**Student:** 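Quick one: structure below, then a few questions.
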2 protein chains.
Amino acid sequence: MHSGDAQPLQPNAVIAVDVVLFKVRHSEHIDEAWQVLLVQREDAAFAGKRSLPGVLVRAEETFDAAARRALHTKAGLDAAGWYLEQLGTFSAPDRDTRGRVVSVAHVALQRTDELTLVPGGGIMRAEWAPVRSVFGEELAFDHDAMLGAAVQRVQSKLRYSWLAFQVLPETFTLPQLRAVYAAILDASLLRLNTSNLKKTFAPLLASGALVPVGERASTTGAGRPGDLYRFQGPVAGTWERELPWQEGSSVNE
Amino acid sequence: MHSGDAQPLQPNAVIAVDVVLFKVRHSEHIDEAWQVLLVQREDAAFAGKRSLPGVLVRAEETFDAAARRALHTKAGLDAAGWYLEQLGTFSAPDRDTRGRVVSVAHVALQRTDELTLVPGGGIMRAEWAPVRSVFGEELAFDHDAMLGAAVQRVQSKLRYSWLAFQVLPETFTLPQLRAVYAAILDASLLRLNTSNLKKTFAPLLASGALVPVGERASTTGAGRPGDLYRFQGPVAGTWERELPWQEGSSVNE
DNA sequence: GCAAAAGTGTTCATCGTACACCCATGG
DNA sequence: CCATGGGTGTACGATGAACACTTTTGC
């Protein structure tokens, strides 16, 4: 690569960035709690189909900046500070009819307590869709494949890291934490006992990364409200750990 | 992204592909068993520095094809059929002085029984370097970062998948298999007992994915030769599994 | 007081680890 | 026959899973 001298190279492709933005919201149906942001396309080529928000990368712009700009211009969301990670690059020569467009897909996560504003001023109609309901729907370009890869990535990362806290509000209860795992990995996790759940996070409690606030959540219907916890970003080295639950993902069937 | 009508889009970047090719060879020093392919640069800008093999992507070429072409033209290797996987895309606007060059890094693995030929006809001087000895050395561009990411990827994938068999010859012994894990993950794994090693691979033996050949390896010095095994690619669903060993990678210190 | 949901403690099975012993080869 | 390395079986300890029981809320 990069052979030859220091002469400028001739651009040979169009670089775009697409974002798969997930959130987890409360829902009676746990299957609909995990949601992804889609925008309605207005091109002739993909009329009626939905797609992920994305933009072309500017000359001096980083991918990270481009991804956040995509969320801003396409859905009116201010993604500054949100969890954002590169997912993979999609490059089939024929994936776009307008030339060799290479798209770098990203995964973003949004905290549920930061309200989702999709102002009318936005260029496109953006809306949340339950992840599991989008499977089977045909998205524009190869965005089905991007979504599939993003689902895999988030599910696996949820198992071997503490990613779940990226989705929870500042303070939360253990049942809320459990609901995140249930929504993304397997609905049957809802039946996990508090005792066993707590044992899983025992190392975090011991290390001081997860601290009890000392208050109860405000009540929501019947039953005892849960104790509130706060997650303090831990030292870098302790960030990742293996989680026990290894159920097959129920998304793919 | 993809906005506007069906008019051709103006190329805005140069797309390149770089390959991190690993192999594991026998060695008295287990630290030198895991090796990576580097090529000597001859540019003025990076004189003396080594880099990963790479090429610019052609108009109608897939990344996969470009990556294999890089190995072919830069090191004379015929990578057809080798394990190859996309690693990530490196895109800092200033990573190359010749313009906005975006490089998609790939990881490739080579079986030890396919002899490594680096014919003199190759355009560049290619050579194998022990992975752990390259840390600290400065490579051209951001290839240090690429190598680092590749090391992480292979180490982690070795733990949760059966990637090791991609590096072993057609038939192999359990001690050879153990050596692969020791070379890539942690040298102390060399002391793992055969009994425990076998227990780890018990599911593979039970499912018929790993079959005893029924012969012994030809002898190599003192001691009893090991039983030979053959790995038959399993059905897709059973491909991944969690491995127990979770030592911290000894590479980073 | 009763139902519903959260939290606590204990028991049991599973599995990774350690270790003691047997087998096959070269010198 | 002895040193070296591969292979087999067993015993122990850590840990994830299940369950019985207590606590706190709304009706």
Side-chain angles (χ1 to χ4, degrees), chain A residues 26-28 30 158-160 168 171-182 185-206 210-229 241-248, chain B residues 26-28 30 158-160 168 171-182 185-206 210-229 241-248:
Chain A
H26 294 285
S27 170
E28 322 84 59
I30 188 69
L158 195 65
R159 275 188 281 259
Y160 70 77
L168 288 165
T171 66
F172 51 88
T173 65
L174 290 187
Q176 274 183 291
L177 177 57
R178 177 177 55 195
V180 171
Y181 284 92
L185 290 179
D186 190 329
S188 71
L189 288 174
L190 264 192
R191 274 170 250 131
L192 243 190
N193 202 322
T194 327
S195 169
N196 297 331
L197 184 73
K198 207 164 183 175
K199 248 182 255 181
T200 302
F201 293 95
L204 282 192
L205 283 164
L210 186 64
V211 282
V213 173
E215 299 173 19
R216 291 261 164 72
S218 55
T219 178
T220 60
R224 167 179 173 177
D227 294 345
L228 285 175
Y229 290 83
R241 214 217 106 187
E242 192 64 31
L243 289 177
W245 320 312
Q246 290 290 0
E247 351 257 327
Chain B
H26 294 286
S27 171
E28 321 85 59
I30 189 69
L158 195 65
R159 274 189 281 260
Y160 69 78
L168 288 165
T171 66
F172 52 87
T173 66
L174 290 186
Q176 276 183 289
L177 177 58
R178 176 178 55 196
V180 171
Y181 284 92
L185 291 180
D186 190 327
S188 72
L189 287 175
L190 264 193
R191 273 172 248 130
L192 243 192
N193 202 323
T194 327
S195 168
N196 297 331
L197 184 72
K198 207 163 183 176
K199 249 181 254 179
T200 303
F201 293 96
L204 282 192
L205 283 164
L210 186 63
V211 282
V213 173
E215 298 173 21
R216 292 260 162 71
S218 54
T219 177
T220 62
R224 169 180 172 176
D227 294 344
L228 285 174
Y229 290 83
R241 213 217 105 187
E242 192 64 30
L243 288 178
W245 321 313
Q246 290 288 0
E247 350 258 327

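Below, read A as the first sequence line, B as the second, and so on, with proteins coming before strands; counting in each chain starts at 1. Predicted, not measured: the structure shown is a model, and the values here were computed from it.
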**Student:** Roughly how many Å is it from OH in B:Tyr229 to C1' in D:dG6, rounded to a whole number?
**Tutor:** 10 Å

**Student:** Restricting to nitrogen or oxygen on both sides, can you table the protein-nucleotides 20-23 of chain D pairs closer than 3.5 Å?
**Tutor:**
from, atom 1, to, atom 2, distance (Å)
D:dT23, O2, A:Arg224, NH1, 3.1

**Student:** Treating A:Arg178 as the side-chain partner and A:Leu192 as the backbone partner, does any N or O pair qualify as donor plus acceptor under 3.5 Å?
**Tutor:** yes

**Student:** Could you state the CG-C1' distance from A:Leu177 to C:dA6, rounded to the nearest angstrom?
**Tutor:** 14 Å

**Student:** Using atom CG of B:Leu205 as one end and atom C1' of D:dG7 as the other, report the distance to the nearest whole Å.
**Tutor:** 13 Å

**Student:** Please give me the minimum heavy-atom distance between B:Leu185 and B:Arg159, naming the atom from each residue.
**Tutor:** CD2-NH1, 3.7 Å

**Student:** For B:Asn196 and D:dT8, give me the distance from atom CG to atom P, rounded to whole Å.
**Tutor:** 13 Å

**Student:** Name the residue closer to the 5' end of DNA chain D, choosing between B:Asp227 and A:Pro225 according to the nucleotide with the nearest heavy atom.
**Tutor:** B:Asp227

**Student:** Return the minimal non-hydrogen interatomic distance between A:Ala187 and A:Ile30, and the atom names on each side.
**Tutor:** CB-CG2, 3.6 Å

**Student:** What is the distance, to the nearest angstrom, from the CG atom on A:Leu192 to the C1' atom on D:dC19?
**Tutor:** 14 Å

**Student:** Measure the distance from CG on B:Leu228 to P on C:dA24 and round it to the nearest whole Å.
**Tutor:** 16 Å

**Student:** Within this structure, what is the OH-to-P distance between B:Tyr181 and C:dG16, rounded to whole angstrom?
**Tutor:** 13 Å

**Student:** Touch check for B:Arg178, heavy atoms < 4.0 angstrom, all strands: base, sugar-phosphate only, or nothing?
**Tutor:** sugar-phosphate

**Student:** Mind listing the closest non-hydrogen atom pair of A:Tyr229 and A:Val213 along with its distance?
**Tutor:** C-CG2, 3.8 Å

**Student:** Are any of the side-chain heavy atoms of A:Asp227 and A:Thr173 separated by less than 4.5 Å?
**Tutor:** no

**Student:** Work out which heavy atom in B:Leu210 is nearest to a heavy atom in B:Pro212; give both atom names and the distance.
**Tutor:** O-CD, 4.1 Å

**Student:** Rounded to the Å, how far apart are A:Leu189 CG and D:dG16 C1'?
**Tutor:** 13 Å

**Student:** Given the rule in the side chain to side chain contact (heavy atoms under 4.5 Å, CB included) test, do B:Leu197 and B:Tyr181 qualify, once you have shown the distances and angles that lead to the verdict?
**Tutor:** CA-CA 11 Å; B:Leu197 184 72; B:Tyr181 284 92; 5.6 Å; no

**Student:** Which pair of heavy atoms, one from A:Leu190 and one from A:Ala179, lies closest together, and at what distance?
**Tutor:** CD2-CA, 4.3 Å

**Student:** Applying side-chain contact (heavy atoms from CB on, under 4.5 Å), can you list everything that pairs with A:Ser195, at least two apart in sequence or on another chain?
**Tutor:** A:Asn193, A:Lys199

**Student:** For nucleotides 11-14 of chain C, print each protein N/O atom paired with a nucleotide N/O atom at under 3.5 Å, atom names and distance only.
**Tutor:**
none

